[in-house]
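The figures here come from the full heavy-atom set of this structure, side chains too, leaving out hydrogens, waters and symmetry mates.
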Amino acid sequence: MISAMTRREFVIGTATAAALSAKTKIDKSRISAITDEIARTPQQALDFAKEYGLQNLELRNVPGGKEYAFLPEVDAKLAAADFARNGIRISFMNSSLLKFPWPGTEPARKRQETDDARAKRLEAETTRFARRMDDLKTAIRNCHILNVDLLRVFTGARTAEPDKLHSRIVDVLGEMSLVAEKEKIHLLIENEASCNIGTSAELAAILKLLPSKWIAANWDSIERAHVEGIALS
């Protein structure tokens with residue numbers, strides 16, 4: 001079962017299988033791994049890619065650090081130069097864009113907190129939501145620097161009735177898609193158990209409401225299993 005192994009072990013197995021089968025349609029040129037899931041430092045991620053003959057890496061957090069999507073420009077350029085020097089292409093930019101409770105919503109997974117802690121959290125979430133377009137522009141800038149045109153986004157922390165947030169999600173992502181279109185960056189909505197779009201059905205439904213060719217899906221089968229109670233084997 002996938003849940004019985006780490007993603008790192010899964011990538012190793014997949015890369016090894018691709019090397020053994022010359023007839024397979026999926027070779028190493030179509031396999032990538034998330035840097036902070038295979039290593040604890042950027043150099044270890046590069047070493048892993050070299051060891052298993054990977055040509056692509058997927059970015060989320062700098063191993064041991066912050067998200068690649070929101071790095072300062074100078075740091076993003078240094079990372080891009082390092083990948084290029086090692087012959088590594090970037091297949092996908094994972095970001096945490098919109099992965100938090102949106103103002104005016106209440107997460108279904110409530111936490112125990114004092115009134116003061118709640119007030120501070122709500123203020124932080126409101127501020128984060130207000131700067132969403134600035135964060136998007138930073139992530140898009142780093143996508144250009146790292147030569148990747150696929151950027152992951154989310155749909156807000158899951159509420160008790162997520163379907164009632166669909167129109168708001170459409171408005172928020174629709175506004176973002178206009179910026180993405182100008183920059184030739186595709187926004188990929190990931191289904192995530194803790195977010196308003198968590199199941200395959202919800203993902204399909206929201207995509208029908210967002211017909212832009214600059215919005216697509218990043219399907220996470222593990223998250224689908226978490227939400228829908230499916231056993232993966």
Audit row: E190, K99, salt bridge (Lys or Arg N to Asp or Glu O under 4.0 Å) steps and yes/no
CA-CA 10 Å; E190 181 169 317; K99 192 179 183 182; over 6 Å; no

Please report the C-alpha distance between R118 and D115 in whole Å, then the side-chain angles of each, then the deciding distance to 0.1 Å, and finally whether the salt bridge (Lys or Arg N to Asp or Glu O under 4.0 Å) criterion is met.
CA-CA 5 Å; R118 174 178 168 78; D115 290 343; over 6 Å; no

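Judged by a 6.0 Å distance limit and a 45° cone about the ring axis, R168 is positioned over the six-membered ring of F129.
Y68 and F48 fall within the same hydrophobic cluster, where Ile, Leu, Val, Met, Phe, Trp and Tyr residues are linked whenever their side-chain heavy atoms come under 4.5 Å apart, directly or through other members.
Interatomic distance, I197 CD1 to H166 NE2, rounded to the nearest 0.5 Å: 3.5 Å. Here the CE-CG distance, from M93 to N142, works out to 5.5 Å after rounding to the nearest 0.5 Å. Put simply, CG on L203 and CG on D220 are 10.5 Å apart, with the number rounded to the nearest 0.5 Å. Interatomic distance, T41 OG1 to L46 CG, rounded to the nearest 0.5 Å: 8.5 Å.
Here E125 pairs with R121 in a salt bridge; the nearest charged N to carboxylate O distance falls below 4.0 Å. Salt bridge absent: E192 and R152 never bring a charged side-chain N and a carboxylate O closer than 4.0 Å.
With 3.5 Å as the limit, one finds no donor-acceptor pair spanning the side chains of S212 and E181. Side-chain contact of E58 with N94: a donor-acceptor pair under 3.5 Å is present, judged by distance alone.
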